[in-house]
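Quick note on labels: first sequence line is chain A, next is B, and so on, each numbered from 1. The model shown is predicted, which means the values in this text are computed figures rather than measured ones.
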Amino acid sequence: MYLSKYFLPVLKEAPREAEIVSHQLMLRAGMIKQQSAGIYSWLPLGLKMLRKVEQVIREEQNRAGAVEVLMPTIQSADLWRESGRYDDYGKEMLRIQDRHERDMLFGPTNEEMITDIFRSYVRSYKDLPLNLYHIQWKFRDEVRPRFGVMRGREFFMKDAYSFDLDEPSSRAAYYRMFVSYLRTFDRLGVTAVPMRADTGPIGGDLSHEFLILADTGESEVFCHGDTMKLPVPDRNIDYSDDAAIEGIFKDWTSNYARTDEMHDENLWAEVAEGDRMNARGIEVGHIFHFGTKYSEPMGAKVTGPDGKDHDVYMGSYGIGPSRVVAALIEAGHDENGIIWPDSIAPFDVGLINLRVGDEAVDSACVDLYNQLTNAGFDVLYDDTDGRAGGKFALADLIGLPWQLIIGPRGLKNGEIEVKHRATGERENLSFEATMNKLTAWQNDVNERFGG
RNA sequence: CGGAGCGUGGCGCAGCCUGGUAGCGCACCUGGUUUGGGACCAGGGGGUCGGAGGUUCGAAUCCUCUCGCUCCGACCA
């Protein structure tokens with residue numbers, strides 16, 4: 001992408017209303033624009049990140065055996081009356097009427113609708129297990145939206161729903177999603193820790209939250225240090241091996257790990273002092289196992305091997321990609337701007353032309369741009385007629401992993417200045433050495449984080 | 001929903017207390033000089049001061065109402 005043809009409206013100063021760093025940086029980097037309290041437009045750079053996060057989540061859901069659907073944002077109130085939640089959900093649900101004065105709502109979640117889909121088609125236990133998910137905008141009319149897209153009213157969420165014949169198989173489905181979340185956050189290049197969670201108004205008896213660790217996180221995290229050292233299963237994981245999956249779940253949940261909400265000082269005291277880890281985190285995922293809470297009132301049954309009808313056991317599994325984007329920034333930034341993880345930056349490389357209009361520099365940049373693009377790199381080429389300082393500031397602000405700086409001075413020696421955003425390391429390399437370095441990096445990233 | 005605060009060119013702010021017809025920095029446009037870490041000179045465009053009503057000869061400024069936004073608390077991916 002040529003910067004001159006892109007739409008990247010950066011701000012030198014952060015708008016006053018932005019208090020936390022991710023919100024400030026998202027506004028400054030031209031990723032989002034607020035339209036109303038808790039409601040945002042996603043501009044090209046922000047959308048690019050949102051899509052990348054979404055895609056990682058999708059790949060890991062698919063790998064774990066979930067099947068993607070897409071349900072509408074607008075739902076009929078009737079479904080919610082069946083489950084009893086139309087009255088229970090309260091003011092957080094945005095209620096609207098259509099022209100025929102039918103009661104509708106902007107979906108805050110989709111348990112009812114997915115249960116309706118399920119009961120419309122599935123009759124036999126032979127069709128189970130089934131896990132359907134979608135990635136769709138949700139609306140919750142929060143009393144107090146804040147922190148940019150971190151707590152918006154409209155937000156993007158991946159929500160998966162599992163259906164099983166009985167409780168043991170339903171728990172197995174829960175464990176699969178648990179493990180899939182471990183892999184998802186690992187691929188997103190962040191440390192996310194599962195914590196035992198309150199099941200809340202949604203009900204159920206088994207629930208975990210996943211928190212991305214960041215100093216600026218809202219939740220206080222108490223966990224056993226060993227949890228941080230556990231290996232995340234690699235891409236060859238076999239999700240059909242229930243015992244192995246349950247083993248991973250047990251490894252990750254045997255140690256104490258809770259947020260301030262569920263914290264128990266007595267249990268915490270039992271953790272050896274040297275093992276206690278106290279940190280802050282941002283909740284980005286939440287999974288629930290809730291049995292027949294919705295299937296029973298809504299009549300979602302299958303015929304079992306015994307020839308009788310059984311209410312299906314369900315669980316739901318959410319990750320908010322829009323919040324994840326903000327959390328990545330909270331977890332990775334410095335005074336100059338964003339530092340994206342290697343695995344999930346909006347572009348791989350920023351190519352900076354220090355002397356636009358100089359024939360030699362221009363053609364060197366274009367050649368390198370084409371070469372990199374052909375090699376599979378996503379490159380943002382700063383071909384604008386700006387000054388060096390401004391270009392460097394922009395590159396640091398949007399936080400691409402690599403900056404390739406080409407100007408007349410270095411070009412005389414056939415060299416490019418190669419800067420790594422995360423470490424600040426810079427070196428002068430030949431064009432060939434630059435390609436080799438980036439290719440090695442790309443291979444390493446694919447190896448560690450690739451699907 | 002309780003408490004606090006803020007709305008003045010695109011962004012950041014001053015002016016308000018003590019009414020006199022809107023200003024600064026950045027950004028933007030034109031010309032020129034520059035060009036390796038947010039240049040300089042000259043010229044220029046853009047705001048009915050969130051909205052409505054009131055007081056007054058006169059309102060960004062005082063009064064009333066209203067809308068929007070932010071922060072703290074209770075709740076949430």
Side-chain angles (χ1 to χ4, degrees), chain A residues 9-20 23-24 27-28 30 33-39 53 57 89-93 107-110 135-160 181 184 192 197-202 207-212 218-219 259 261 282-288 316-327 336-337 352-358 361 384-397 403 405-413 415-417 419 424 426 428:
Chain A
V10 297
L11 303 173
K12 208 172 224 178
E13 292 168 286
R16 184 179 41 185
E17 69 269 15
E19 289 282 327
I20 64 165
H23 190 195
Q24 292 171 347
L27 291 168
R28 287 193 52 211
K33 168 173 170 31
Q34 179 167 351
Q35 301 294 160
S36 185
I39 300 177
V53 169
I57 294 169
Y89 216 92
K91 292 194 145 188
E92 271 204 6
M93 188 155 74
T109 179
N110 286 63
I135 305 176
Q136 176 63 292
W137 293 95
K138 305 291 188 291
F139 195 95
R140 294 184 191 171
D141 200 358
E142 297 276 345
V143 189
R144 192 182 151 212
R146 62 188 127 162
F147 305 147
V149 297
M150 191 80 86
R151 176 154 315 145
R153 292 193 291 173
E154 188 182 54
F155 60 99
F156 206 38
M157 184 163 91
K158 184 286 298 181
D159 38 327
Y181 275 32
T184 300
D198 192 355
T199 52
I202 205 164
S207 178
H208 288 86
E209 293 176 347
F210 288 75
L211 286 95
I212 288 180
E218 273 193 280
S219 307
T259 63
E261 281 172 16
I282 301 163
E283 186 192 341
V284 287
H286 202 155
I287 60 178
F288 304 88
S316 75
Y317 314 90
I319 296 182
S322 48
R323 178 181 283 188
V324 167
V325 172
N336 295 321
I352 298 176
N353 182 333
L354 285 183
R355 189 71 62 84
V356 171
D358 178 306
V361 178
T384 60
D385 185 23
R387 300 175 64 82
K391 293 191 175 204
F392 296 143
L394 173 69
D396 283 347
L397 175 63
Q403 294 168 23
I405 301 159
I406 302 185
R409 214 164 70 192
L411 198 57
K412 246 182 269 174
N413 308 317
E415 282 180 337
I416 301 169
E417 182 179 329
K419 177 178 167 186
R426 52 182 82 193
N428 293 314

Hey, does the side-chain of [X] have a donor or acceptor N/O within less than 3.5 Å of a partner on the base of [N]?
{"X": "A:Asn336", "N": "B:G38", "result": "no"}
{"X": "A:Glu13", "N": "B:G25", "result": "yes"}
{"X": "A:Arg146", "N": "B:G73", "result": "no"}
{"X": "A:Arg140", "N": "B:C76", "result": "no"}

>> Hydrogens and angles aside, do A:Asp159 and A:Gln136 bring a side-chain donor and acceptor to less than 3.5 Å of each other?
In response: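 There is no such pair (donor and acceptor under 3.5 Å, judged by atom type) between the side chains of A:Asp159 and A:Gln136.
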So what does [X] hit on the nucleic acid, given a heavy-atom distance under 4.0 Å: a base, only sugar-phosphate, or nothing?
{"X": "A:Arg28", "value": "base"}
{"X": "A:Gly410", "value": "base"}
{"X": "A:Glu17", "value": "sugar-phosphate"}
{"X": "A:Phe147", "value": "sugar-phosphate"}
{"X": "A:Pro408", "value": "base"}
{"X": "A:Ala37", "value": "sugar-phosphate"}
{"X": "A:Arg144", "value": "base"}
{"X": "A:Gly407", "value": "base"}
{"X": "A:Val284", "value": "sugar-phosphate"}
{"X": "A:Gly389", "value": "sugar-phosphate"}
{"X": "A:Gln34", "value": "sugar-phosphate"}
{"X": "A:Gly152", "value": "base"}
{"X": "A:Ala14", "value": "sugar-phosphate"}
{"X": "A:Ile405", "value": "base"}

Strand partner of [N], provided both Watson-Crick or wobble distances fall under 3.5 Å:
{"N": "B:G45", "answer": "none"}
{"N": "B:U56", "answer": "none"}
{"N": "B:U61", "answer": "none"}
{"N": "B:C40", "answer": "B:G32"}
{"N": "B:U21", "answer": "none"}
{"N": "B:G9", "answer": "none"}
{"N": "B:G2", "answer": "B:C72"}

> Starting at the 5' end of RNA chain B, which residue's closest nucleotide do you reach first, A:Leu394 or A:Met150?
Replying inline: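 Final value for this comparison: A:Leu394.
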For a quick test of reading the model, state the closest non-hydrogen atom pair linking [X] to [Y] and the distance between them.
{"X": "A:Ser207", "Y": "A:Ile287", "result": "OG-O, 3.0 Å"}
{"X": "A:Val356", "Y": "A:Thr384", "result": "CG2-O, 3.2 Å"}
{"X": "A:Gly407", "Y": "A:Leu354", "result": "CA-CB, 3.9 Å"}

Would you measure the distance from the [atom1] atom in [N] across to the matching atom in [M] and give it in whole Å?
{"N": "B:A27", "M": "B:A59", "atom1": "P", "value": "36 Å"}
{"N": "B:C29", "M": "B:G73", "atom1": "P", "value": "43 Å"}
{"N": "B:G10", "M": "B:U18", "atom1": "C1'", "value": "33 Å"}
{"N": "B:G25", "M": "B:G53", "atom1": "P", "value": "35 Å"}
{"N": "B:U30", "M": "B:G23", "atom1": "P", "value": "25 Å"}
{"N": "B:C16", "M": "B:C62", "atom1": "P", "value": "9 Å"}
{"N": "B:U35", "M": "B:C72", "atom1": "P", "value": "48 Å"}
{"N": "B:C24", "M": "B:A14", "atom1": "C1'", "value": "7 Å"}

Got a donor-acceptor contact below 3.5 angstrom from the [X] side chain to the [Y] backbone?
{"X": "A:Arg28", "Y": "A:Leu11", "answer": "yes"}
{"X": "A:Tyr181", "Y": "A:Tyr317", "answer": "yes"}
{"X": "A:Ser322", "Y": "A:Phe156", "answer": "yes"}

Separation of [X] atom [atom1] from [N] atom [atom2], in whole Å?
{"X": "A:Phe155", "N": "B:A77", "atom1": "CZ", "atom2": "P", "value": "8 Å"}
{"X": "A:Asp141", "N": "B:C1", "atom1": "CG", "atom2": "P", "value": "11 Å"}
{"X": "A:Lys12", "N": "B:C24", "atom1": "NZ", "atom2": "C1'", "value": "15 Å"}
{"X": "A:Leu27", "N": "B:C11", "atom1": "CG", "atom2": "C1'", "value": "11 Å"}
{"X": "A:Tyr89", "N": "B:C75", "atom1": "OH", "atom2": "P", "value": "15 Å"}
{"X": "A:Leu211", "N": "B:C76", "atom1": "CG", "atom2": "C1'", "value": "13 Å"}
{"X": "A:Phe288", "N": "B:C76", "atom1": "CZ", "atom2": "P", "value": "9 Å"}

From C-beta outward on [X], which listed nucleotide comes closest to its side chain: [options]?
{"X": "A:Glu92", "options": "B:G37, B:A77, B:C75", "value": "B:C75"}
{"X": "A:Glu19", "options": "B:C76, B:G36, B:C71", "value": "B:C71"}
{"X": "A:Asp396", "options": "B:A27, B:G7, B:G37", "value": "B:G37"}
{"X": "A:Arg323", "options": "B:G37, B:C69, B:C76", "value": "B:C76"}

Do [X] and [Y] have side chains that get closer than 4.5 Å, going by heavy atoms?
{"X": "A:Glu142", "Y": "A:Glu92", "answer": "yes"}
{"X": "A:Phe139", "Y": "A:Ile39", "answer": "yes"}
{"X": "A:Glu218", "Y": "A:Glu283", "answer": "no"}

N or O in side chain of [X] less than 4.0 angstrom from [N] OP1/OP2:
{"X": "A:Lys91", "N": "B:C1", "answer": "yes"}
{"X": "A:Arg387", "N": "B:U34", "answer": "no"}
{"X": "A:Thr109", "N": "B:A77", "answer": "no"}

>> Between B:G38 and A:Phe392, is there a base-stacking contact, meaning the centre of the base's six-membered ring lies under 5.5 Å from the residue's ring centre while the planes stay under 30° apart?
In response: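 Stack criterion not met.
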